[in-house]
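It should be emphasised that the depicted structure is a prediction, and the values quoted were computed from it without experimental measurement. For ligands, and for the atoms within them, numbers begin at 1 and follow the listed sequence.
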Amino acid sequence: MAEPVVAQKAPYEVEVEEGKKYLWCACGRSDKQPFCDGSHKGTGITPLVFTAEATETVYLCGCKHTHNQPFCDGTHSTL
Ligand code: FES
Ligand code: FES
């Protein structure tokens with residue numbers, strides 16, 4: 001399995017809608033960050049599907065090295 005690449009060393013601030021499903025890009029290769037656009041094909045990495053628990057602003061990991069997928073946990077500052 002390929003290693004995830006760093007899309008950016010900072011989270012993406014996005015608005016999510018309660019009950020809606022999102023596909024967070026785990027591989028770092030998507031051109032539609034922070035969401036999956038299918039570019040993970042061939043890497044062995046698959047996107048993380050999550051359902052928003054509320055309509056709110058969330059901070060999704062852009063470095064792809066978080067230990068709390070899909071959310072930023074501050075790990076980007078150690079890369
Ligand atoms: Fe990165 Fe799909 S493009 S997980
Ligand atoms: Fe990945 Fe913060 S952007 S941990």
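Using a 3.5 Å distance cut-off with no hydrogens or angles, the side chains of D73 and T75 do pair a donor with an acceptor. In this model, no donor atom of one side chain and acceptor atom of the other lie less than 3.5 Å apart for K64 and Q8.
The atoms of ligand 1 that sit less than 4.0 Å from any heavy atom of P47 are 4 (S). Close approach of ligand 2 to P11 (heavy-atom distance below 4.0 Å) involves ligand atoms 3 (S). Atoms of ligand 2 found under 4.0 Å from any heavy atom of D73, numbered from 1 in the order shown, are 4 (S). Those atoms of ligand 1 that come under 4.0 Å of a heavy atom in D37, given as number and element, are 3 (S). Remark: ligand 2 atoms within the under-4.0 Å shell around heavy atoms of G62 are 1 (Fe), 3 (S).
In A26, the part holding a heavy atom less than 4.0 Å from any atom of ligand 1 is the backbone. Residue contacts with ligand 1, taken as heavy atom pairs separated by less than 4.0 Å, do not involve I45 at all. With a heavy-atom cut-off of 4.0 Å, S77 does not touch ligand 2 at all.
H40 lies close to atom 2 (Fe) of ligand 1, since one of its N, O or S atoms is found at a distance under 2.8 Å. One of the N, O or S atoms belonging to C36 lies under 2.8 Å away from atom 2 (Fe) of ligand 1. At least one N/O/S atom of C61, whether from backbone or side chain, sits less than 2.8 Å from atom 1 (Fe) of ligand 2. At least one N, O or S atom of C63, from either the backbone or the side chain, sits less than 2.8 Å from atom 1 (Fe) of ligand 2.
Using a distance-only test at 3.5 Å, with no hydrogens or angles considered, a donor-acceptor pair links the side chain of W24 to the main chain of C61. Looking only at distances, a side-chain donor or acceptor of T66 sits under 3.5 Å from a matching main-chain atom of F71. In this structure, K20 contributes its side chain and A52 its backbone to no donor-acceptor pair below 3.5 Å. The backbone N or O of C25 lies less than 3.5 Å from no partner atom in the side chain of S30, so there is not a single donor-acceptor pair.
Shortest contact from atom 2 (Fe) of ligand 2 to any protein heavy atom: H76 ND1, 2.1 Å.
One finds the NE2 atom of H40 at 8.5 Å from the CG atom of L23 (value rounded to the nearest 0.5 Å).
The ring of Y22 has its center closer than 6.0 angstrom to the ring center of F35.
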Point to revise | Derivation and outcome, side chain to side chain donor-acceptor pair (under 3.5 Å), residues T55 and E17 | key: CA-CA 4 Å; T55 298; E17 231 178 275; over 6 Å; no
